[in-house]
Amino acid sequence: MKIHEFQAKQLFREAGVPVLEGIVARTPAEAKAAFEKLDQPLAVVKAQIHAGGRGKGHIADNPEQKGVVLVRSADEAEAAATGLLGKTLITIQTGPEGQKVNQIFVEQGCNIARELYMGIVLDRAAARPVLMVSTEGGVEIEKVAEETPELILKEHFDPAVGIEAYQVRKLCKKLDISGPAARSAGKFIAALCRFYVDKDCAMAEINPLVIDSEGRMLALDAKITFDDNALFRHKELHDLRDLEEEDPSEVRAAKSGLSYVKLDGNIACLVNGAGLAMSTMDIIKYHGGEPANFLDVGGGANTEQVTEAFRILLGDPNCKAVLVNIFGGIARCTTIATALIEASKQVGFNVPLVVRLEGTEVEEGRQMLADSDVDVITAVDLTDAAKKVVAAIA
Ligand code: ADP
Ligand code: MG
């Protein structure tokens, strides 16, 4: 689960990770009032969407309107808010369709002395979180990683212990941070690492991480992704979810207890079991096709879930064919056949449908399909299914 910058900063404040004062606004009038309340000569109006690159991104029909705007008066704050709210912001991370701005964050302006990069992710190979720091702040870190990986410093830490003082000293030395800034960095880094572990984050990224003119280390940006599988332990985070920022078909699927990830291809897949779903996607690609999604209906899928799954798959305008690959273990083939027939009545298949059924009650399931008026291309195994579905759209 992702959250907005202003939400992340609120959590940072509670966790002792230093951030500047800021106020969220949903109307231009609120933005104006926020500037007055902050009572600073300089503030920044920042579009709140679940994507980065806002500073360089712009509003769809207005290239002059950037997603992060420096303002020096309440009127300027109001004008920036008018230019952003309700509009579509396009950044390198949103893709060409952009993302609608429903709220903005009016934040105190910072006197930046140095811009750095800091991020924490889980290093699966090391089975530990890894803190990454770079002097190349403010720019795309992916580019740095590719072109000058030596400029990214890494420190793994034990989640039970947190980052250790000697590791912070080592980093400060390499980054040429000393005096009061080093003390501020020590507190900052320790608090951020603790936050990452305590809240079960999957990723925490601060770009830029700045040292201001007074030598304070501050998070000027904040991007956090929580581990969905650990969210049940964090009731306090549930309200932070913003469904408007998420893919509507994924939200729908989650409501029905389906594991669904939308992809860019045109062959929709309905599969039971995550491993089988992965291999189905692989074999489609192997035979020259492109999967439109990952979908695992789960072991014990019922008719309603499978019907809803078909609705989601067929609702994707890119979908040119559907491949159903079921190994009936707990989920019986007859359940899938019933759902298929039901879905065809309710939604209607306007694209070729290839079905490979195997397992519990397979004969009965196949018979049900044969007796129905659903137009099915039957496949005997995975390879056969993949070849037939690719051929169906050729
Ligand atoms: P994004 O990564 O989406 O572009 P950032 O929050 O990183 O958004 O903001 C973009 C740039 O705007 C930063 O690199 C920084 O230079 C500037 N900026 C952001 N917040 C402030 C602030 N409070 N004061 C001064 N400059 C800021
Ligand atoms: Mg940023």
Side-chain angles (χ1 to χ4, degrees), residues 2-13 17-25 31 34-35 37-60 63-73 76-77 80-81 83-84 87-95 98-121 132-145 152 188 192 203-225 242 245:
K2 289 184 186 172
I3 57 171
H4 288 292
E5 175 196 5
F6 76 92
Q7 297 169 319
K9 286 183 169 171
Q10 180 58 38
L11 294 175
F12 276 2
R13 189 185 302 281
V17 179
V19 290
L20 291 168
E21 286 296 328
I23 300 166
V24 69
F35 185 94
K37 184 137 187 260
L38 287 175
D39 196 21
Q40 296 285 324
L42 180 70
V44 188
V45 172
K46 309 179 80 176
Q48 298 296 292
I49 56 171
H50 283 188
R54 297 162 300 167
K56 293 205 175 94
H58 64 84
I59 290 300
E64 299 304 312
Q65 181 67 62
K66 303 291 177 200
V68 176
V69 189
L70 285 174
V71 293
R72 290 187 166 77
S73 68
E76 278 182 33
L84 290 169
K87 311 276 167 58
T88 301
L89 181 62
I90 302 172
T91 80
I92 194 158
Q93 289 184 12
T94 61
Q99 190 100 21
K100 194 170 157 214
V101 181
N102 292 318
Q103 46 208 352
I104 52 166
F105 191 45
V106 186
E107 187 178 62
Q108 193 182 327
C110 177
N111 224 328
I112 304 174
R114 285 185 73 185
E115 285 201 343
L116 306 167
Y117 169 93
M118 186 171 285
I120 309 177
V121 289
M132 295 173 290
V133 194
S134 176
T135 49
E136 306 305 291
V139 287
E140 286 157 50
I141 198 70
E142 291 81 2
K143 222 167 137 189
V144 182
I152 301 178
F188 186 104
L192 183 68
M203 188 201 70
E205 189 182 59
I206 298 166
N207 190 20
L209 165 77
V210 302
I211 297 174
D212 73 1
S213 50
E214 292 162 44
R216 293 181 301 176
M217 186 174 266
L218 296 162
L220 222 53
D221 193 3
K223 255 177 105 179
I224 295 176
T225 311
D242 185 350
E245 295 285 324

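Note that ligands are numbered from 1 as they come in the structure, with each ligand's atoms numbered from 1 the same way.
Under 4.0 Å from ligand 1, the heavy atoms of Lys46 that appear belong solely to its side chain. Contacts of Thr91 with ligand 1, taken as heavy-atom pairs under 4.0 Å, are absent altogether.
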Steps toward side chain to side chain contact (heavy atoms under 4.5 Å, CB included) verdict (Val17, Leu11): CA-CA 9 Å; Val17 179; Leu11 294 175; over 6 Å; no

Under the side chain to side chain contact (heavy atoms under 4.5 Å, CB included) criterion, do Thr135 and Arg114 qualify, and how do the steps go?
-> CA-CA 9 Å; Thr135 49; Arg114 285 185 73 185; 4.0 Å; yes

What verdict does the side chain to side chain contact (heavy atoms under 4.5 Å, CB included) test give for Lys87 and Gln65, after you've listed the backbone C-alpha separation in whole Å, the side-chain angles of each residue and the deciding distance to 0.1 Å? CA-CA 10 Å; Lys87 311 276 167 58; Gln65 181 67 62; over 6 Å; no

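On a distance-only criterion, Lys56 and ligand 1 share no N/O pair closer than 3.5 Å. For ligand 1, the polar-atom distance check against Leu70 finds no nitrogen or oxygen pair separated by under 3.5 Å. At under 3.5 Å, not a single nitrogen or oxygen of Glu5, backbone or side chain, sits near a nitrogen or oxygen of ligand 1.
Near Val44, the atoms of ligand 1 lying under 4.0 angstrom from a non-hydrogen atom of the residue are 21 (C), 22 (C), 23 (N), 24 (N), 25 (C). Of all atoms in ligand 1, listed by their number and element, those nearer than 4.0 Å to a heavy atom of Cys110 are 22 (C), 24 (N), 25 (C). Residue contact check: Pro208 has heavy atoms under 4.0 Å from atoms 7 (O), 13 (C), 14 (O) of ligand 1. Listed by atom number, the atoms of ligand 1 under 4.0 Å from Gly53 heavy atoms are 1 (P), 2 (O), 3 (O), 4 (O). For ligand 1, the atoms lying closer than 4.0 Å to a non-hydrogen atom of Gly109 are 24 (N). The atoms of ligand 1 that sit less than 4.0 Å from any heavy atom of Glu107 are 20 (N), 22 (C), 23 (N). Listed by atom number, the atoms of ligand 1 under 4.0 Å from Gly55 heavy atoms are 1 (P), 4 (O). If you number the atoms of ligand 1 from 1 as listed, the ones under 4.0 Å from a heavy atom of Gly52 come out as 3 (O).
Between Val121 and Met203, some side-chain heavy-atom pair lies under the 4.5 Å cut-off. Side-chain contact between Lys56 and Thr91 is absent, with no heavy-atom pair separated by less than 4.5 Å. Counting only heavy atoms from C-beta outward, the side chains of Glu21 and Arg13 approach each other to under 4.5 Å. Looking at Phe6 and Gln103, their side chains come closer than 4.5 Å, going by heavy atoms from C-beta outward. Side-chain contact between Val144 and Tyr117 is absent, with no heavy-atom pair separated by less than 4.5 Å.
If you check which protein heavy atom lies closest to atom 9 (O) of ligand 1, you get Val68 CG2, 3.9 Å. Of the protein's non-hydrogen atoms, Arg54 NH2, 3.1 Å is the one closest to atom 8 (O) of ligand 1. Scanning the protein heavy atoms around atom 27 (C) of ligand 1, the nearest turns out to be Leu220 CD2, 3.6 Å.
Vertex the Mg ion (ligand 2); arms to Asn207 atom O and Asp221 atom OD2; angle 100° (nearest 10°).
Counted by atom type alone, Asp242 and His50 present zero donor-acceptor pairs between their side chains at under 3.5 Å.
Put simply, atom 17 (C) of ligand 1 has no protein non-hydrogen atoms near it, under 4.0 Å away. Protein non-hydrogen atoms do not reach within 4.0 Å of atom 11 (C) of ligand 1.
In this structure a side-chain-to-backbone donor-acceptor pair under 3.5 Å is present from Arg54 to Ala47. Looking only at distances, no side-chain donor or acceptor of Gln40 sits under 3.5 Å from a matching main-chain atom of Gln108.
No heavy atom of Lys223 sits closer than 4.0 Å to any atom of ligand 1. Look at Gln93 and you'll find every heavy atom at least 4.0 Å from all atoms of ligand 1.
With Gln48 as the partner, the side-chain hydrogen bond (donor to acceptor under 3.5 Å, both in side chains) test is satisfied by one option alone out of His4, Gln7, Glu5: Glu5.
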